[in-house]
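Working notes, beginning with the structure itself.
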Amino acid sequence: MSVDALFDAVPAMHPERIVIRRPDDWHVHLRDGEMLRAVLPYTAAQFARGIIMPNLVPPVTTVEAAEVYRARILAALPPGSDFRPLMTCYLTDAADPGEIERGHAEGVWLAAKLYPAGATTNAHHGVTDIPGLAPVLERMERIGMPLLVHGESTDPSVDVFDRERVFMDESLRPLLARHPGLKVVVEHATTAETLDLVRAHAPRVAATITPHHLVINRTSLFQGGLRPHLYCLPVAKRERHRLALRKAATSGEACFFIGTDTAPHVREAKEASCGCAGVFVGATALQTYVQVFDEEGALWNFEAFASLNGARFHGLDPNSGTIALERRTSVLAASVEVSDTSVAVFRGGEPLPWTIAEVEP
């Protein structure tokens, strides 16, 4: 698609409507059961494909488990949806290189996910010894299978706002040096230093950037009182990091692309004495991203970030269909019902200056 075809009308840098190739979400938590059936339609309405995170209970550690989970996702899709789930393997200390290679060769797993043990939701089965994972990483390096990394230190002595920085310095840099051919995605990057690390190792290293980290900073968690529905991991950082994320996302650099990290939890799990980490952005992701690109005067780069960079990094063709977004105010529901409770929608209930107009497969 040419740049000229991107815009239906072009009043300078702020058109009223843009048309881009259908985008993909390279980091999605769909959960399972009733939650899966409640939230999946929102991701499927916005994205053609999505990398599905494997941190279920129990986690998705075998090829067979991934196949069964993929079947449940496909069965839960709304009628007529062509959304394609891209499955991942949950790495543990006992991960088998042969199983990893088999799942990748059979087209079941696109990538493998490294959670430091205890780093986030359902990560207690994760990796406790990253250097000890060398046989698996060497196999992945050889077969060209990407490693997706939740990049936070789990050392309890490290301040929560420093966990990403410490992980990058103490764990990721050494990993990249030990495995110079391994393709790595730093998931949900939140600091300027992480962005610089990704740039320094591109094109074999990339990063996903969430919509909420482009909009909120750590002060947002406490404005007017504690805001549990904005709490996520990695936690939002200082304003200078938010601004760096906006600059990176809108830059057009090929090493940055969409990864919403949409992560639903029922209201009772968020509004609790020990609340869960995660923000449900599946319903408002594209509206938020395009607003940021508009505010930064970078709509020309939106298609690359949303639809091209991630596909190329993962060795896939861009989608052939299109999606149109219009500068037209809309208000989405504040929550999504799940059984007898609900999940709060990020920016739900507030006016959004952009809306999704139509999708062409």
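- Pairs of residues two or more places apart, or lying in two chains, that qualify as salt bridge (Lys or Arg N to Asp or Glu O under 4.0 Å) and include a residue from residues 347-360 are R17-E358, R347-E350.
- Using a 4.0 Å cut-off between charged side-chain N and carboxylate O, E193 and R165 make no salt bridge.
- Side chain of K270 to main chain of V343: no donor-acceptor pair is present (N/O by atom type, distance under 3.5 Å, no hydrogens or angles).
- For the side-chain contact (heavy atoms from CB on, under 4.5 Å) with I73, the qualifying choice from T43, L36, V28, D32 is L36, the only one to do so.
- In this structure the side chain of F256 never reaches within 4.5 angstrom of the side chain of L245, judged on heavy atoms.
- Residue Y42 is not grouped with residue W26 when hydrophobic side chains (ILVMFWY) are merged at heavy-atom distances under 4.5 angstrom, including chains of intermediate members.
- Summarising the geometry, atom CG belonging to D93 is positioned 9.5 Å from atom CD1 belonging to I130; distances are rounded to the nearest 0.5 Å.
- Checked for salt-bridge contact, E64 and R102 meet the test: a charged N lies under 4.0 Å from a carboxylate O.
- Note that NE2 of H29 is 9.5 Å distant from CG of N122, once rounded to the nearest 0.5 Å.
- Applying the ring-ring contact (aromatic ring centres under 6.0 Å, His included) rule to pairs touching residues 86-105 yields Y90-Y115, sequence neighbours excluded.
- Two different hydrophobic clusters hold V166 and F161 under the rule that ILVMFWY side chains link at heavy-atom gaps under 4.5 Å.
- Residues P116 and H150 have side chains in contact (heavy-atom distance under 4.5 Å, counting atoms from C-beta outward).
- Expressed to the nearest 0.5 Å, how far CG of N319 lies from CG of D82 amounts to 8.5 Å.
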- Query: side-chain contact (heavy atoms from CB on, under 4.5 Å) between K113 and N55: does it pass, once the steps are laid out?
  - Reply: CA-CA 9 Å; K113 181 64 182 286; N55 57 330; over 6 Å; no
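- L30 and V108 end up in the same hydrophobic cluster when Ile, Leu, Val, Met, Phe, Trp and Tyr side chains are linked at under 4.5 Å.
- For the pair V205/L172, no side-chain contact is recorded, criterion being any heavy-atom separation below 4.5 Å from C-beta on.
- V215 and L243 are not part of a single hydrophobic cluster, where members link through side-chain heavy atoms under 4.5 Å apart.
- Note: the hydrophobic cluster containing L147 also contains V63 (ILVMFWY, side chain heavy atoms under 4.5 Å, direct or indirect links).
- With N309 contributing its side chain and F257 its backbone, the two residues share no donor-acceptor pair below 3.5 Å.
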- Check against side-chain contact (heavy atoms from CB on, under 4.5 Å), M140 and K183: CA-CA 9 Å; M140 292 175 60; K183 296 180 67 174; over 6 Å; no
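- Although no hydrogens or angles enter the test, the distance criterion places a donor-acceptor pair under 3.5 Å between the side chain of T284 and the main chain of F346.
- The shortest distance between side-chain heavy atoms of L299 and I18 falls below 4.5 Å.
- The two residues Y289 and P211 have their closest heavy-atom pair at OH-CD, 3.0 Å.
- In this structure, the side chains of H314 and I51 come closer than 4.5 Å at one or more pairs of heavy atoms.
- Between the side chains of E268 and T341, at least one donor N or O lies within less than 3.5 Å of an accepting N or O.
- Side-chain N or O atoms of H213 include none that pairs as donor or acceptor with a backbone N or O of A189 at under 3.5 Å.
- Taking the side chain as every heavy atom from C-beta outward, L221 and V235 approach each other to under 4.5 Å.
- Atom SG of C89 and atom CG of L148 lie 10.5 Å apart (nearest 0.5 Å).
- Taking the side chain as every heavy atom from C-beta outward, H27 and V185 never approach each other to under 4.5 Å.
- Side-chain contact between M35 and F280 is absent, with no heavy-atom pair separated by less than 4.5 Å.
- Pairs of residues two or more places apart, or lying in two chains, never qualify as salt bridge (Lys or Arg N to Asp or Glu O under 4.0 Å) while including a residue from residues 201-229.
- S307 places a side-chain N or O within donor-acceptor distance of the main-chain N or O of R21, the cut-off being under 3.5 Å.
- For the 3.5 Å distance criterion, the side chains of Q287 and Q291 fail to qualify, holding no donor opposite an acceptor.
- Here the side chain of E271 pairs no donor or acceptor atom with the backbone of P228 at under 3.5 angstrom.
- With rounding to the nearest 0.5 Å, the separation of OG1 in T190 from NZ in K237 is 3.0 Å.
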- Start with the C-alpha gap between N217 and H241, add the side-chain angles, then the distance that decides, and say whether side-chain contact (heavy atoms from CB on, under 4.5 Å) holds. CA-CA 8 Å; N217 60 26; H241 297 295; over 6 Å; no
- Between F293 and F305, is a side-chain contact (heavy atoms from CB on, under 4.5 Å) present by the stated rule, with each step listed? CA-CA 10 Å; F293 275 72; F305 177 78; 3.6 Å; yes
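- Put simply, the residue from V149, T208, T194, I209 that forms a side-chain contact (heavy atoms from CB on, under 4.5 Å) with V186 is T194.
- Considering V281, V39, V336 as possible partners of V345, the one that fulfils the side-chain contact (heavy atoms from CB on, under 4.5 Å) test is V336.
- Taking CG from L325 and CD from E16, the interatomic distance works out to 13.0 Å, rounded to the nearest 0.5 Å.
- With hydrogens and angles left out, the side-chain atoms of T355 and E326 include no donor and acceptor closer than 3.5 Å.
- At least one donor-acceptor pair closer than 3.5 Å links the side chain of Q46 to the backbone N or O of A283.
- Taking 4.0 Å as the cut-off between side-chain N and carboxylate O, E239 and R246 do not count as a salt-bridged pair.
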